[in-house]
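Below is one structure, written out as structure tokens; the observations come after it.
Below, all heavy atoms of this structure are taken into account, side chains as well, without hydrogens, waters or symmetry copies.
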Amino acid sequence: MIKHTRRLIIYAGLIGLLAACRPAAPTVESVTLTPFPTFHYVQPTDALPATALATSVATLSATVSGSAALDPQLVEQGKGRYVALNCGSCHGDAGQGTATGPVLAGTKLSQDKFVDMLRTGGKLGNAHLYSVDRLSDPSSKNLYLYVLSLPAPH
């Protein structure tokens, strides 16, 4: 009988040992939501087809020399870039200027100097920098046409 009792004790010990080695039941962890920053994406402008680019260049040349009226379609495209790039927040909705940005309407800048200001940022540096992936060359010229179309302040 002592042999049976020892066996029972050994079996009970083994069962206890096996129960202690059994993996714990998985616990359910609470899920926490981590906020991620979001950014406003400005769609880059597509390049114009070659025919539209030739028309744009001809219109720009005529505009700079003052011998022709501005092409309304190109001016409208330039206005679209003015709105998309949020230029009005500093320069005013009609380019009249604000405390934050100078007057654009009635600009005396040439097209080259205007585009150079957009590409280099001018005195403002990176705070006013528009690379070709944000503003294509044809779109920067259309933006210039839009600025030219704005009535000069009195």
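- Between the CE atom of Met117 and the OH atom of Tyr130 there is a distance of 9.5 Å, given to the nearest 0.5 Å.
- With hydrophobic clusters built from ILVMFWY side chains whose heavy atoms lie under 4.5 angstrom apart, Leu129 does not share a cluster with Val115.
- A distance of 10.5 Å separates CG in Leu104 from CG in Leu148, rounded to the nearest 0.5 Å.
- Side-chain contact between Leu118 and Tyr144 is absent, with no heavy atoms from C-beta onward closer than 4.5 Å.
- A distance of 12.5 Å separates CZ in Arg134 from OG in Ser139, rounded to the nearest 0.5 Å.
- Criterion: ILVMFWY side-chain heavy atoms under 4.5 Å apart, direct or through other members. Under it, Val83 and Val75 are not part of a common hydrophobic cluster.
- The CD atom of Glu76 sits 11.0 Å away from the CG atom of Asn142 when rounded to the nearest 0.5 Å.
- The shortest heavy-atom contact between Pro151 and Ala105 is O-CB, 3.2 Å.
- Taken together through direct or relayed side-chain contacts under 4.5 Å among Ile, Leu, Val, Met, Phe, Trp and Tyr, Leu150 and Leu70 form part of one hydrophobic cluster.
- Rounded to the nearest 0.5 angstrom, Lys141 NZ and Asp112 CG are separated by 8.0 Å.
- Linking ILVMFWY side-chain heavy atoms closer than 4.5 Å, directly or via other members, places Leu109 and Leu143 in a single hydrophobic cluster.
- Between Ser140 atom OG and Arg81 atom CZ the span is 10.5 Å, to the nearest 0.5 Å.
- A donor-acceptor pair is defined here as one N or O able to donate and one able to accept, closer than 3.5 Å; such a pair exists between the side chain of Thr120 and the backbone of Asp116.
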List the atom pairs, with distances to 0.1 Å, where a side-chain N or O of residues 84-96 and a protein N or O form a donor-acceptor pair under 3.5 Å, not counting sequence neighbours.
unit_1: Ser89; atom_1: OG; unit_2: Asn86; atom_2: O; d: 2.9
unit_1: His91; atom_1: ND1; unit_2: Pro102; atom_2: O; d: 2.8
unit_1: Gln96; atom_1: OE1; unit_2: Ala94; atom_2: N; d: 2.9

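- The closest side-chain heavy-atom distance from Gln73 to Gln77 is below 4.5 Å.
- Among residues two or more places apart in sequence or in another chain, the side-chain hydrogen bond (donor to acceptor under 3.5 Å, both in side chains) test is passed with Asp137 by Arg119.
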